[in-house]
Novice: 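Quick one: the structure is below, questions incoming.
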Number of protein chains: 2
Amino acid sequence: MDAPRRQPTLDEVAERAGVSRSAASRVINNAPHVSRAKREAVRRAVDDLGYVPNATARALATQQVGAVVLAISGDDPAMFADPFFAEVVVGVNSVLEETDLELMLSLATSTRGQARLEQLLRTHQADGVMLMSLHGDDPLAALADRASVPVVFGGRPLNFEPRYYVDADNRGGARLATEHLVKAGRRKIATITGRLDEGAGMARLQGFQDALAVAGLDSSLIDHGDFSEDGGSLAMSRLLERTPDLDAVFIASDQMAVGALRTLAQSGRSVPADVAIVGFNDLPSARHTVPPLTTINQPIHALGREMARMLLSLMSGDHPSPLILPTRLVLRDSA
Amino acid sequence: MDAPRRQPTLDEVAERAGVSRSAASRVINNAPHVSRAKREAVRRAVDDLGYVPNATARALATQQVGAVVLAISGDDPAMFADPFFAEVVVGVNSVLEETDLELMLSLATSTRGQARLEQLLRTHQADGVMLMSLHGDDPLAALADRASVPVVFGGRPLNFEPRYYVDADNRGGARLATEHLVKAGRRKIATITGRLDEGAGMARLQGFQDALAVAGLDSSLIDHGDFSEDGGSLAMSRLLERTPDLDAVFIASDQMAVGALRTLAQSGRSVPADVAIVGFNDLPSARHTVPPLTTINQPIHALGREMARMLLSLMSGDHPSPLILPTRLVLRDSA
DNA sequence: TTGAAAGCGCTAACAT
DNA sequence: ATGTTAGCGCTTTCAA
């Protein structure tokens, strides 16, 4: 917007340095077969002219875009506000930072967004894709899995096992949480689930049922939230109405647990004396609820990091194995 | 990864349709000067072949990348975990979605990240940049403001007035908050500031001082947080130690307010009876603290949206005016 | 309305 | 070690 002066081109650098364009190109990509003298001449010319390679031209010539995309599928743009994603992004960024790849973000939450993502998948606008939080049995899953660019899934969609994915051990974590409740002597254990059209939501419900089946306890005390705070609060009310004497709840996300805690307090019940609570995610805020929340830690940052690593590996021609990241129980005061 | 079949090129489409490449190109960009017959022939060929234009080639020819970047500067990658940014992203996305522009995310939080952002600014790897949360007097500010691609600032950095920015009325909001405290009859009013090396942090402190100066009250009860929950908690402790009889605190972010509320409860003080609290940001969680937090609402989604709009306007050759978005007091129970 | 041809700026295979 | 040459796939004058 200031000086409308064009960026210098490689040819200009070559001319200035008194060498051929290919020599200049070699120097810039530090390829071999260039004499010391020319090498330095080119370097000087680059500095003098302030030359920077044109990324687009390079991309066209090499057939490599130099960018990967993190796509969040879903039906609600606001979903991205979940702190979960922010941490995934930070994890992804931490490994991309070591490379020359840029990160594109695709919030495929509207019809238009979905269409753009599909197109992106087909047009090689990026060298690789990380795809998260597919809902229902989104046709995108199959499409992505056989796209012409490498795709890594974050979490497993329902009814579909992608070739390359990294997921947290949601089922194991839920089981851990529920077992803890059982061991503590609780007998009327309920659960508030997340969205059951998501792999994670369903897996956590299954883990809950696994544990109760083993313990020989009733596992039909179920209500549904949507991972949000208000959803948790509402679900807790319904549960309390149906089963006033429940003595524990496994809640599939910390946000919902915060809501449930609120409802429990309003109903005059004390936690954990009357009702024990275990959440899921171990968000920073879980530390500061009243009482502090016992929850399942899920390595979110690592999830992002490993997705990016797996994508890199795929892009370099390897065939990495799917990864399931461990979850663990974090004991605080609510159970 | 499945069929290694190349995407069809424009030439192939043209051949199939029995027209020249330029005719095909015109059809695809729905340019005029193509007969109805040819137009349809090309359309058919496109469908048959599943042709999709190669974005990179187009970018090279048009000198337009088709992507803009949202850059978050700073010294800590984890900073992005602030829910604030997620909402900005959603706002930005909402307007980009209507265009054909992709969004790149640049977390310029390490030295390496900063360097990459600078490079990106110079190499025209994107058609425009939105730059947020510059700390201190980051040299990036001046650099960006005269970069060869359009740049919109989100918030104003310290000591530097960018040409194009959108900001929230932080100073006005802080003043509103403090005035509310004054009107409520409070007389020993303290503040917990955010980072003072950020424009927003400083502006909120000034607003606080503005209000107290007008009211003729002491405005030296100041302690510093870093916008984080723990920072708020610590600052509150120090404040209480120094001035046990303070009767109100304006706190420059809701996260810090949550921490302060905790400290206040531990010290046996009741809110708002003993100490009135006003926060800033109006995060969703402010609704659910105990007591619910009176705070300053800042239109974060709109901030993102307007940044994107301004950038678009700039990219189309206009010279939009800077924008300051209004903030407003949200009354709940803490003051 | 149509098509030929000249780029956009870079890389890479090939010949020297 | 070095330079020549032919692309990468699209847009866009320009002349017909």
Side-chain angles (χ1 to χ4, degrees), chain A residues 4-43 45-46 49-67 100 119 122-127 148, chain B residues 4-43 45-46 49-67 100 119 122-127 148:
Chain A
R5 210 176 67 260
R6 240 186 55 273
Q7 287 291 328
T9 72
L10 185 51
D11 295 83
E12 284 157 25
V13 171
E15 177 170 15
R16 168 84 165 228
V19 305
S20 72
R21 183 167 73 248
S22 33
S25 173
R26 286 186 187 110
V27 172
I28 281 156
N29 301 304
N30 18 42
H33 307 304
V34 183
S35 71
R36 223 184 128 67
K38 287 199 196 278
R39 187 151 241 135
E40 297 195 333
V42 172
R43 293 242 164 83
V46 166
L49 266 34
Y51 170 78
V52 202
N54 177 314
T56 305
R58 176 178 286 177
L60 183 58
T62 59
Q63 302 284 60
Q64 299 226 332
V65 181
D100 280 313
Q119 164 138 330
R122 292 187 298 135
T123 58
H124 204 107
Q125 280 198 58
D127 299 319
S148 62
Chain B
R5 210 178 64 260
R6 242 185 54 272
Q7 287 291 327
T9 71
L10 184 52
D11 295 82
E12 284 157 26
V13 170
E15 178 170 16
R16 167 86 164 225
V19 306
S20 71
R21 183 168 70 247
S22 30
S25 173
R26 287 187 188 110
V27 173
I28 281 156
N29 301 305
N30 19 41
H33 306 305
V34 183
S35 71
R36 219 183 130 68
K38 287 197 197 276
R39 186 151 243 138
E40 297 194 334
V42 172
R43 293 242 164 85
V46 166
L49 266 33
Y51 169 78
V52 202
N54 176 313
T56 306
R58 177 178 285 178
L60 183 58
T62 59
Q63 302 284 61
Q64 299 227 333
V65 182
D100 280 313
Q119 165 138 332
R122 291 188 300 135
T123 59
H124 205 105
Q125 278 200 57
D127 299 319
S148 63

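Lettering of chains follows the sequences in order, A, B, ..., and the numbering in each one begins at 1. Small disclaimer: the values here were computed from a predicted structure and weren't measured. Quick note: numbers below take in every heavy atom, side chains included, and nothing from hydrogens, waters or symmetry partners.
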Novice: Please give, in whole Å, the distance from C:dG9 P to A:Gln7 CD?
Specialist: 10 Å
Novice: Contact class for B:Ser22 vs. all strands (heavy atom < 4.0 Å): base, sugar-phosphate, or nothing?
Specialist: base
Novice: Consider the side chain of A:Gln63, meaning its heavy atoms from C-beta on, and name the nucleotide among C:dT11, D:dC8, D:dA1 that approaches it most closely.
Specialist: D:dC8
Novice: Which part of the nucleic acid does B:Pro32 contact within heavy-atom distance under 4.0 Å: base, sugar-phosphate only, or nothing?
Specialist: nothing
Novice: Distance check needed: D:dG9 P versus B:Leu60 CG, whole Å only.
Specialist: 12 Å
Novice: So for A:Arg21 and D:dT4, does any side-chain atom that can act as donor or acceptor lie under 3.5 Å from a complementary atom in the base?
Specialist: no
Novice: I need the CG-P distance between A:Asn29 and C:dG9, as an integer number of Å.
Specialist: 17 Å
Novice: Which one, D:dC10, C:dC10, D:dA1, comes nearest to the side chain of A:His33?
Specialist: D:dA1
Novice: Round to the nearest Å and state the distance from B:Arg36 atom CZ to C:dT2 atom P.
Specialist: 13 Å
Novice: When you check the phosphate oxygens OP1 and OP2 of C:dT2, does a side-chain N or O of B:Ser35 lie under 4.0 Å from one of them?
Specialist: yes
Novice: Using a cut-off of strictly less than 4.0 Å, decide whether B:Asn54 has a side-chain nitrogen or oxygen near OP1 or OP2 of D:dC8.
Specialist: no
Novice: Passes side chain to side chain contact (heavy atoms under 4.5 Å, CB included), A:Val34 versus A:Glu40? Steps please.
Specialist: CA-CA 10 Å; A:Val34 183; A:Glu40 297 195 333; over 6 Å; no
Novice: With rounding to the nearest 0.5 Å, note down the distance linking CG in B:Leu10 to CZ in B:Arg21.
Specialist: 6.5 Å
Novice: Side chain of A:Ser20: nearest nucleotide among D:dG3, C:dG3, D:dT11?
Specialist: D:dG3
Novice: Rounded to whole Å, please give me the gap between CG in A:Asp11 and P in C:dC10.
Specialist: 7 Å
Novice: Is there a donor-acceptor contact under 3.5 Å from the side chain of B:Asp127 to the main chain of B:Gly66?
Specialist: yes
Novice: For the side chain of B:Ala23, starting at C-beta, report the closest nucleotide among C:dG3, D:dC10, C:dG9.
Specialist: C:dG3
Novice: Please check this pair: side chain of B:Asn54 against backbone of B:Thr56, looking for a donor-acceptor N/O pair closer than 3.5 Å.
Specialist: yes
Novice: Which whole-number value in Å describes the distance from B:Glu15 CD to D:dG9 P?
Specialist: 15 Å
Novice: Just the rounded figure in Å: distance from C1' of D:dC8 to CD of B:Glu12.
Specialist: 13 Å
Novice: For B:Ser25, report the nucleic acid contact type (base, sugar-phosphate, nothing); a contact means any heavy atom under 4.0 Å.
Specialist: base
Novice: Kindly point out which of D:dG3, D:dC10, C:dG3 is positioned nearest to the side chain of B:Tyr51?
Specialist: D:dC10
Novice: Can you tell me how far apart CD (A:Gln119) and CD (A:Gln125) are? Round to the nearest 0.5 Å.
Specialist: 6.5 Å
Novice: Any side-chain N or O of B:Gln64 under 4.0 Å from OP1/OP2 of D:dT11?
Specialist: no
Novice: Return the CD to OG1 distance between B:Gln7 and B:Thr9, rounded to the nearest 0.5 Å.
Specialist: 10.5 Å
Novice: Return the nearest nucleotide to the side chain of B:Val19; candidates are C:dA12, D:dT11, C:dG3.
Specialist: C:dG3
Novice: 5'-most contact on DNA chain C: B:Ala61 or B:Lys38, nearest heavy atom basis?
Specialist: B:Lys38
Novice: Which nucleotide in the list C:dA12, D:dC10, D:dG3 gets nearest to the side chain of A:Arg26?
Specialist: D:dG3
Novice: Output the rounded distance in Å from CG (A:Leu10) to P (C:dA12).
Specialist: 12 Å
